[in-house]
Amino acid sequence: MAKKEKTAITPTRQENYPGWYQQVVKAADLAENSEVRGCMVIKPWGYGIWENIQRTLDDKFKATGHVNAYFPLFIPKSYFEKEAEHVEGFAKECAVVTHSRLEDDGHGGLKPAGKLTEELIVRPTSETIIGASFAKWVSSYRDLPLLINQWANVVRWELRTRLFLRTTEFLWQEGHTVHASSQEAQDETMMILKLYADFAREYLAMPVIEGRKTESEKFPGAEATYTFEAMMQDKKALQAGTSHFLGQKFAKASNIKFQSKEGVEEFAWTTSWGVTTRLIGALIMTHGDDNGVVLPPRIAPVHVVVVPIYRNEEEQKTVMAFVQELEDALKDMRYHERALQVKVDDRDLRGGEKVWEWIKKGVPVRLEVGPRDVAAASVFMGRRDMEPRQKSGMKMTDFVENVTGILDEIQNNIFKKAETFMNENIISMDDHDVFCDYFTPKNAENPEIHGGFALAHWCGDASCEENVKKDLKVTIRCIPLAQEAEEGRCIVCGKPSTKRVIYAKSY
RNA sequence: CGGGGCGUAGCGCAGUUCGGUUAGCGCACUGGUUUUGGGAACCAGGGGUCGGAGGUUCAAAUCCUCUCGCCCCGACCA
């Protein structure tokens, strides 16, 4: 029997998917658990990815007329109580500040003192406090639309956490806009959804499905929630981000009113939308393999890593001189909106070791340069979209000339691979038994990777949705936007339906 | 927050059932020698209050109680 190729990550995805995820995060040095339960430390490599996500999206928000601002971390409890559904949705996961200082407890420790007259909530989201400002800022239709975004941290006291996917504190971007008409607010909601989905496809190389959330899955207090869902390699769905049409609900709660052209005082129409550091988790589970992370070039902190190979000081000198020349040629180049990021890894470690470290971190292109390469004025290239040993030599000048093309090729390859995987695992189905079978693992004790996205008819009844969730732990991820009306029958109750929805297990 | 599992060196683990030399192993780390187009070999080292606090005992990583943390499943959620 052929010996299994040794992988950098154990367990493999097949062996234990959650275990693999955890090991990848560690091996790629993206983040670690902190001393504070449920919170993570995002390490430089992980934060570098976030910075690129941030920069890219920020440019896109600005280009569509949005401006950044910053609102307080603390929200007075009374603000929070204004929108009933909103309170209900978030109450269970709020961190509450009750005191303003500490004093000696008489036993060598400290105890909280200075009880606050009004308790403060650490923001789980900012609709209410931003709404309070908006109420002051808006008085005329001439003040609209108001297009604001903030980059911030938020806290949701989660019971079960996973690095990047769900932590007590996380980083995100929350857009909040105010409009004079329902239509304009709905257009904004959809425009942002498309912006997100395009970003996911073009930058994260992540295929996604845009759709609308059902009543039970929507944002607490929203009129409508739109989502873009991605498929992870364990065939579960991951909600990658959301865009909400809030109608006049929050305007009424926060008293955001304006005088229309006709001189009539009306409540405004608002939206909110956000993506979080969860996108990094999505990236890992969309492209990662048993050797670690695979980063899309357009979001990678480093595009090209150069590993010099030498045996003695003399070789070191010639190799490093050549590497310097290579670095100089590359570092002034541009790859899409960014400067090409080149990293020369001249640490005093063995070549193979360094190479594997970069494989695990997911750098798109690795160049190994030894004396023989220098003599031939060439480089030895490994690509993260190929096997670790599948390397090839080429003239240094050829590499420099083609590097952006190579990066684009990697970007395309990993998108295609993920897209093929997703498409292969989206199954249209109309039979209830087939549906149940699809979502039931063969080995109940130690469930194998199974299921996928089931495109099935739904009558629109919440009880059908609820039953599926109870029986199979499967939920309606979204009602896809891109579909034709089609006559069919609800996969649960058999009542007539005109649309298919995506059922899947999810994160 | 419920059910299950796990905390032993930086990482991965053995040892715990049935208490008993000086707590081991692999990788990593330090020094040396030899190697090297590539996840090196050999030699010699360093590093542990066995998650924490109590208790039982002549003796506790091992038994008991409590506690903290992590992982998986569930409920909840970006």
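Residue numbers start from 1 in every chain, and the chains themselves are labelled A, B, ... in the order their sequence lines are given, proteins ahead of strands.
- Using a 4.0 Å heavy-atom cutoff across all strands shown, A:Arg162 reaches sugar-phosphate atoms only and no base atom.
- Nucleotides B:C25 and B:G45, compared at atom P, are 13 Å apart to the nearest Å.
- Contacts of A:Gly352 with the nucleic acid, taken as non-hydrogen atoms under 4.0 Å apart, involve only primed sugar atoms and P, OP1 or OP2.
- For the side-chain hydrogen bond (donor to acceptor under 3.5 Å, both in side chains) with A:Thr64, the qualifying choice from A:Lys60, A:Lys62, A:His66 is A:His66, the only one to do so.
- Atom CG in A:Leu163 sits about 14 Å away from atom C1' in B:G69, given to the nearest Å.
- In this structure, CG of A:Asp234 is placed 12 Å from P of B:C72, rounded to the nearest angstrom.
- Classification of the A:Phe245-A:Trp269 ring pair by plane angle, with boundaries at 30° and 60°, yields parallel.
- Using C1' as the reference atom, B:C66 and B:C27 are 36 Å apart when rounded to the nearest Å.
- A salt bridge is absent between A:Asp234 and A:Arg13: the closest approach of a Lys/Arg side-chain nitrogen to an acidic carboxylate oxygen does not fall below 4.0 angstrom.
- Counting all heavy atoms, side chain and backbone alike, A:His244 lies closest to A:Ala222 at CB-CB, 4.2 Å.
- Between A:Lys26 and A:Glu32 no salt bridge is recorded (no basic side-chain N to carboxylate O distance below 4.0 Å).
- One interatomic measurement links the two molecules: CG of A:Leu349 to P of B:A40, which rounds to 11 Å at whole-angstrom precision.
- The pair A:Glu229-A:Arg212 fails the salt-bridge criterion, with no side-chain N (NZ, NE, NH1 or NH2) lying under 4.0 Å from an Asp/Glu carboxylate O.
- Distance alone, capped at 3.5 Å, places no donor-acceptor pair between the A:Lys395 side chain and the A:Ala377 backbone.
- The base-pairing partner of B:G26, taking Watson-Crick or G-U wobble contacts with both distances under 3.5 Å, is B:C11.
- A gap of 14 Å separates the P atoms of B:G24 and B:C50, to the nearest Å.
- Distance noted for atom C1' between B:C29 and B:G10: 8 Å (whole Å).
- Going from atom CG of A:Asn33 over to atom C1' of B:C71 covers 10 Å, rounded to whole Å.
- Side-chain proximity of A:Phe170 to B:A78, B:C70, B:G39: nearest is B:A78.
- Salt bridge A:Lys343/A:Glu327: absent, no basic N to carboxylate O contact under 4.0 Å.
- Here B:C73 presents its P atom at 10 Å from NZ of A:Lys505, a figure rounded to the nearest Å.
- Taking the P atoms as reference points, B:U8 lies 10 Å from B:G52, given to the whole Å.
- Each of A:Ile49, A:Leu163, A:Leu283 was compared with A:Leu30 under the side chain to side chain contact (heavy atoms under 4.5 Å, CB included) criterion, and only A:Ile49 meets it.
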What pairs of nitrogen or oxygen atoms, one from the protein and one from nucleotides 6-13 of chain B, lie under 3.5 Å apart?
from  : atom 1 : to      : atom 2 : distance (Å)
B:C11 : O3'    : A:Lys26 : NZ     : 3.3
B:G12 : OP1    : A:Lys26 : NZ     : 3.1

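- To the nearest angstrom, P of B:A78 lies 17 Å from NZ of A:Lys236.
- Look at A:Lys249 and A:Glu85 and you find a salt bridge, because one of the NZ, NE, NH1 or NH2 atoms lies within 4.0 Å of a carboxylate O, short of that distance.
- Comparing the same atom, P, in B:G51 and in B:G7 gives a spacing of 8 Å after rounding to whole Å.
- A:Leu238 comes within 4.0 angstrom of no nucleic acid atom, judged by non-hydrogen atoms across all strands.
- When heavy atoms are screened at a 4.0 angstrom cut-off, A:Thr167 is found touching base atoms of the nucleic acid.
- Distances from the side chain of A:Lys469 to the nucleotides B:C76, B:C70, B:A78 place B:C76 closest.
- Rounding to the nearest 0.5 Å gives a distance of 9.0 Å between NZ of A:Lys442 and NE2 of A:His450.
- Checking B:C76 for Watson-Crick or G-U wobble geometry (two distances, each under 3.5 Å) identifies no partner in any strand.
- In this structure, the CD1 atom of A:Ile53 is 19 Å from the P atom of B:A78, given to the nearest Å.
- Rounded to a whole angstrom, the distance from the P atom of B:G19 to that of B:U62 is 12 Å.
- Using N1 to N3 plus N6-O4 or O6-N4 for Watson-Crick, or N1-O2 and O6-N3 for G-U wobble, each under 3.5 Å, B:G19 pairs with nothing.
- Under a 4.0 Å N-O distance rule, the pair A:Asp289/A:Arg384 qualifies as a salt bridge.
- Of the residues near RNA chain B, A:Phe90 and A:Gly38, the one whose nearest nucleotide (by heavy atom distance) lies more toward the 5' end is A:Gly38.
- For the pair A:Arg477 and A:Glu217, the salt-bridge criterion is met [side-chain N within less than 4.0 Å of a carboxylate O].
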Look for any protein N or O under 3.5 Å of an N or O in nucleotides 33-37 of chain B and output each such pair with its distance, or none.
from  : atom 1 : to       : atom 2 : distance (Å)
B:U36 : O4     : A:Arg311 : O      : 3.4
B:G37 : OP2    : A:Arg311 : NH1    : 3.2
B:G37 : O6     : A:Arg372 : N      : 2.3
B:G37 : O6     : A:Asp373 : N      : 3.0
B:G37 : N1     : A:Asp373 : OD1    : 3.4
B:G37 : N1     : A:Asp373 : OD2    : 2.7
B:G37 : N2     : A:Asp373 : OD1    : 3.4
B:G37 : N2     : A:Asp373 : OD2    : 2.9

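- When the P atom is used for both B:A23 and B:C13, the distance is 23 Å, rounded to whole Å.
- One interatomic measurement links the two molecules: CZ of A:Arg477 to C1' of B:A78, which rounds to 11 Å at whole-angstrom precision.
- Ring geometry, A:Trp20 versus A:Tyr17: the interplanar angle falls from 30° to 60°, so the pair is classed tilted.
- Picking from B:C71, B:A78, B:A75 the nucleotide with the shortest atom distance to the side chain of A:Arg160 gives B:A75.
- Sorted by residue number, the members of residues 151-159 of chain A with any non-hydrogen atom under 4.0 Å from RNA chain B read A:Arg156, A:Glu158, A:Leu159.
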